[in-house]
Amino acid sequence: MTRWLDGKVAVITGAGRGIGRAEALHFAEHGARVGVNDLGCARDGTGHDPSVAASVAAEIVARGGEAVASDHDVRSVEGAEGLIAQAVAQYGGVDVVVNGAGILRDASVLRTRDEDFAAVMDAVATATWRGCRAAATRVGGQKRGGRIGNTTAGGGFTGHLPP
């Protein structure tokens, strides 16, 4: 197998479950040292469990990779910057950042409360923006290039209209 990411550092938000977890495992499988970020909250954004990110990081290490867990809250400037700073302190830089954190408040447009919409936008759009800015600031200053990617679940493109 080609390890096309040997020596690279990848930071992935929302990496505790689902698509983000798969991305973290994939990057590690291809040689990246991975910053696994996840609040460990419920799908609706409530709660906080640092063991969610820690378990994915431990899985990567058990498979022979390198990983560090993070429960920084990337909805805040401090959280996004702290996440990137942690990867730099641990591994000396950042080459790839994938913003995938998000929550779901599953209701039709007619039943979605304003506060639920705001919470989803904060976890999806604001967190992505802050992750991009924190990454771009660091990656640009490294003078070695880098990549920023943003992922979403299918509902991010199609929406959902439950009954």
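A continuous path of ILVMFWY side-chain contacts below 4.5 Å connects Val74 to Val97, so both sit in one hydrophobic cluster. Both Leu5 and Leu25 belong to a single network of hydrophobic side chains, linked directly or stepwise wherever heavy atoms of I, L, V, M, F, W or Y lie under 4.5 Å apart. Each of Val52 and Val36 belongs to its own hydrophobic cluster when Ile, Leu, Val, Met, Phe, Trp and Tyr are linked at side-chain heavy-atom distances under 4.5 angstrom.
Although no hydrogens or angles enter the test, the distance criterion places no donor-acceptor pair under 3.5 Å between the side chain of Arg33 and the main chain of Ala10.
The CZ atom of Arg17 lies 8.5 Å from the OG atom of Ser55; values are rounded to the nearest 0.5 Å. Ile12 CD1 to Glu23 CD: the interatomic distance, rounded to the nearest 0.5 Å, is 6.0 Å. Going from atom NE2 of His72 over to atom CG of Asn37 covers 8.0 Å, rounded to the nearest 0.5 Å. Atom CG of residue Asp73 and atom CG of residue Leu39 lie 4.5 Å apart, to the nearest 0.5 angstrom. Atom CZ of Arg21 sits about 4.0 Å away from atom CD of Glu59, to the nearest 0.5 Å.
Taking each heavy atom of Ala24 and Val56 in turn, the nearest pair found is CB-CG1, 4.3 Å. Taking every heavy atom of both residues into account, Cys41 and Ile103 meet most closely at SG-CG2, 4.3 Å. Residues Ser70 and Leu83 share a closest heavy-atom pair of OG-CD1, 3.4 Å.
Ile148 pairs with exactly one of Val139, Asn99, Val98 by the side-chain contact (heavy atoms from CB on, under 4.5 Å) rule, that one being Asn99.
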Determine all donor-acceptor pairs shorter than 3.5 Å in which one atom belongs to a side chain in residues 125-133; sequence neighbours excluded.
residue: Thr128; atom: OG1; partner: Val124; partner atom: O; Å: 2.6
residue: Arg130; atom: NH1; partner: Arg75; partner atom: O; Å: 2.4

Atom pairs and distances, donor-acceptor, side-chain atoms in residues 115-123, under 3.5 Å, two or more places apart:
residue: Glu115; atom: OE2; partner: Arg113; partner atom: NH1; Å: 3.2
residue: Asp116; atom: OD1; partner: Arg105; partner atom: NH1; Å: 2.7
residue: Asp116; atom: OD1; partner: Arg113; partner atom: NH2; Å: 3.0
residue: Asp116; atom: OD2; partner: Arg113; partner atom: NE; Å: 2.9
residue: Asp116; atom: OD2; partner: Arg113; partner atom: NH2; Å: 3.1

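Among pairs with a residue in residues 78-95, those fulfilling salt bridge (Lys or Arg N to Asp or Glu O under 4.0 Å) read Asp95-Arg144, at least two apart in sequence or across chains. Legend: salt bridge (Lys or Arg N to Asp or Glu O under 4.0 Å) pairs involving residues 34-53, not counting sequence neighbours: none detected.
Shown here is Asp114, whose CG atom has no more than 12 heavy atoms of other residues, nucleotides or ligands within 6.0 Å.
Cluster partners of Tyr91, by chain and number: Val9, Val68. The rule joins Ile, Leu, Val, Met, Phe, Trp and Tyr whenever side-chain heavy atoms lie under 4.5 Å apart.
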Quiz item: Does the pair Arg63 and Ile60 meet the rule for a side chain to side chain contact (heavy atoms under 4.5 Å, CB included), with working shown?
Solution: CA-CA 5 Å; Arg63 293 178 179 193; Ile60 290 170; 5.9 Å; no
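Glu66 pairs by the side chain to side chain donor-acceptor pair (under 3.5 Å) definition with nothing, not counting sequence neighbours.
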